[in-house]
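As structure tokens, the structure follows; a few thoughts come after it.
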Amino acid sequence: MKKFALLSLLFCSVLFGCEKSESETPEPDVKEGTYVGTVTVDQTDGTFFSQENVSLTVTKTSDQTIEMKMMKVKFAEEMPLTLDMTVSGIAYTRSETKSLISGDNIIPTAMGGEFPAYTITDMSGEITNEGAIRFSMKCGSFPLSFEGTAQK
Amino acid sequence: MLVALTTVAEAWHTTETEQARLPKSAENTDAHTLIKTPANRTDTLSTYEIPEVVVNTSPKQDASQAISTTSVGMARIRSERIEAVRDLSLITPNLYIPDYGSKMTSSIYIRGIGARIDQPAIGLYVDNIPYLNKNNYDFGFYDIRQVEVLRGPQSSLYGRNTIGGVINLYTLSPLDYQGVRIGVEYGSANTFNGRVSVYEKPNDSFGYSVAAYYDRSDGFFKNAYDNRNCDWSHEFGFRNRIVWLLRNSWSIDNTLSINNVRQGGFPYAQVDSTGKGTLPVCHDDPCSYDRFTLSEGISIRHTGSEMEFSSITSYQYTNDEMVLDQDFQPRPIFTLIQSQNEHAVTQDFVFRTRNRAKRWQTLCGLFGFFKYNDMRAPVTFKRAGIDELILENINAGIHHIFPDEDILIRENQFVITDNFKLPTWGAALYHQSTLHLNRWTVTAGIRFDYEHAAMRHDNSAELNYRFTMTMPEYRPLVTTMSGKERLSFYEFLPRLSASYRFQSGNLYASVAKGYKAGGFNTQIFSDILQSRMMNDMMEDLGVYPEGSPSASYDNASATTYKPEHNWNYEIGGHFLLFDGSLKADLALFYIDCRNQQLTVFPPGKSTGRMMSNAGRTRSFGAETAISYSIADFTLNGSYGYTNARFLSYNSGTTSYAGNYIPYAPTHTFALSGDYSINVGKWIDRILLHCDLRGAGPFYWNEENSLRQPFYSLLGASVSIQKQNWTLSFWGSNLTGTDYDVFYFMSIGNSFVQHGKPRQLGVSLQININTL
């Protein structure tokens, strides 16, 4: 009888807990995950270089910052290699439908360490709740933009 | 009638019953008339040697089979200085076994078929015991009674890896000869060998023998790096044979052999920048080969009035180690140490009818084997190798963007560890029926062969690296790869032949399927891991060079190669003319080969090599051999022609269709003459011998851009005989012909090995007969 009472109590508590979690709606936050899109780099000679199907991962690193990692990206046609570039410490603020991102004087990491020659400046953009991302920035002296959508 | 018709044909293959009629003493010259085979009648040396009868004791072969065969007896073995399997090269038409590298590298090419590494194209049997590992094929001959080379696929009876033929060696039996045999020899390059053997027969049904030999040589080629000879060698061998004839027609024949080799070897010279000459042999790291082998085989045979049963059980142990400066240059690039520890067991049961009066003869057999090879093959990359083979590749892409920055590796050398465990087993069931119809003999055989091979591999490398632009400290990088691969093959191997006998010989036609097992490309794993290591480093850096070709062998599953199959169509004849003083053989063949296994060198500065299956090849040609004897003069000659080409073979970038298959000679040629002069008082006789052997041209690569033209080598000897001793003065390559026996590539550089130069020597053979 005692065992039955304990089991009933446990069952009720589990059921209550489940109902409680289902009734709560999570606070909308920056949409983490992997995005695929197009990088466009102003070559500052009147031409633009675009690379399609570039993967970019967004990871929340604190309540106000995210980290972006662009995978296998190149910035000019002549580049004989692609590389992974990580930009940390990007600030974001939330609105009801999107997160606004911004950053300045961020030293990216690539090729095993920091890359001061390609310091990120004038970064601004947004990540919508529906999974669209677009931003622009200067990577060193090269203006760069990215526009993509979240991978499901 | 049937017996009369078979007399001529079977004169080539004296059977075991005839063997029992052998003379009791080697010195019993009257006994030589007992068996007048063409071999002993044409061999003037036989009077002072053990009688030259054909001692075919194979439970599988039959004299009536339609097969191209070259049989060499004891006297010719000595006069032509056949001291190892490779010396059968050229005297057997279309058989070429180049003498290069070390005693591990017994590459055999026959009729355009062959391979440098892994599975052999020809099976080797010693006293009916199969040698499964090609690494063991090269050992010193001593007291070999008879050599028999069966040309063309023998897979229906012998199974795997007999796609080009079978070499049967028969050692001297203590029931055939009793006494002590001593031989010593000294020659060029401070070469010495000594052989001693004792044969005893305590009673008519029991005999035993003990034989041992030792060979040594300073070598013929100097390493310019340290000014020392690089191909020195020491070899020791021991054999014990016990033959016991039991009651009720049972017999036991047990052979235990031990062989130990220590040698330098690998005198490879780099081809110079003109492509026509070579640089001196010059490498900074040592090259050597050590091998210990033990072979134990027991044959149990029951000979009934209607049936014969044979059981052949063997165990073979191989422990070898090859040390290579694999760049063969005087620079610290990379080295390889490959050691193998292999155990192998085989079992063969053979049943066959033996009543020759019956028209229908059958043979059935059951064969099984298991071998387990524990192989370790660490590759050490040294400073220059790290810089040129690894960092140069990686930094090429980096320098396009950051010309002043580099990736560095801290170690002055690091090891790529390659460990393999290779268990292989197989089983086979075979049958052969022979139907005698008057002058016709029709033989049909089929074999079902199953083989399962597995490879467990464990490969790793560890180093520290940094990118100068972004990494102030070195970062460890560990690359590992392990896994298991499996291969299974089912094969049906038929053979059909017909022969027609006439008074002076026979004519035959045959069609047979041959099969060479597939396997694993263990020698490419250092390349695979090197490639993976660079990929891991790039991934760790987050850098991906564009347009870098992805190697087709970048994972272990791609390192297997398929079995090779061929169909051999052949017509030929054996002829005995002029009362048997002229023996002639002729064969014409056409071989259609699928998935021919070829050794290829991956493009660029690759460090390994691998077996590749060529799409399809075909080979046709002709073989002829003659043996002529009149009075005290004997002439032996052979000629082989092979036209072996790719029908379809695409390396991925190039089609080689129409090109010649590399390493296989188009022509082989051998001619030898022996003349005996009876002297009388002080010495009994003088024996003169002269031989000329040639081969070529060879194409060294699939492109057919490099070739060795036809070359020939002159040899001669003068022997003085007095009672039981023979003193010989001999020479080989007397004209000092320059020729190459091997070509290969390492890290994009071409190398050759030159053939051995002129050699002179003297030998003394003493036979002390105890009966």
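Predicted, not measured: the structure shown is a model, and the values here were computed from it.
Considering only heavy-atom pairs separated by less than 4.5 Å from chain B, the leading option among Ala110(A), Gly113(A), Ala76(A), Ala117(A) is Gly113(A). Of the residues considered (Glu114(A), Lys72(A), Glu78(A)), Lys72(A) shows the highest number of contacts with chain B, using heavy-atom pairs under 4.5 Å.
Using a 4.5 Å heavy-atom threshold, the side chains of Phe115(A) and Thr470(B) count as touching.
Residues meeting the side-chain hydrogen bond (donor to acceptor under 3.5 Å, both in side chains) test with Tyr35(A), sequence neighbours left out: none. Taking the side-chain hydrogen bond (donor to acceptor under 3.5 Å, both in side chains) definition, one finds that Thr479(B) meets it with Asp536(B), sequence neighbours left out.
The CE atom of Met111(A) sits 7.0 Å away from the CE atom of Met538(B) when rounded to the nearest 0.5 Å. Rounding to the nearest 0.5 angstrom, the gap separating the CD1 atom in Ile398(B) from the CG atom in Leu81(A) is 5.5 Å.
In this structure, chain A has no heavy atom under 4.5 Å from any part of Arg466(B). For chain B, the nearby part of Lys74(A) is the side chain; its heavy atoms alone come within less than 4.5 Å. Within the 4.5 angstrom heavy-atom criterion, only side-chain atoms of Phe402(B), from C-beta onward, approach chain A.
Summarising the local packing, CZ of Arg383(B) is surrounded by more than 12 heavy atoms from other residues, nucleotides or ligands at distances under 6.0 Å.
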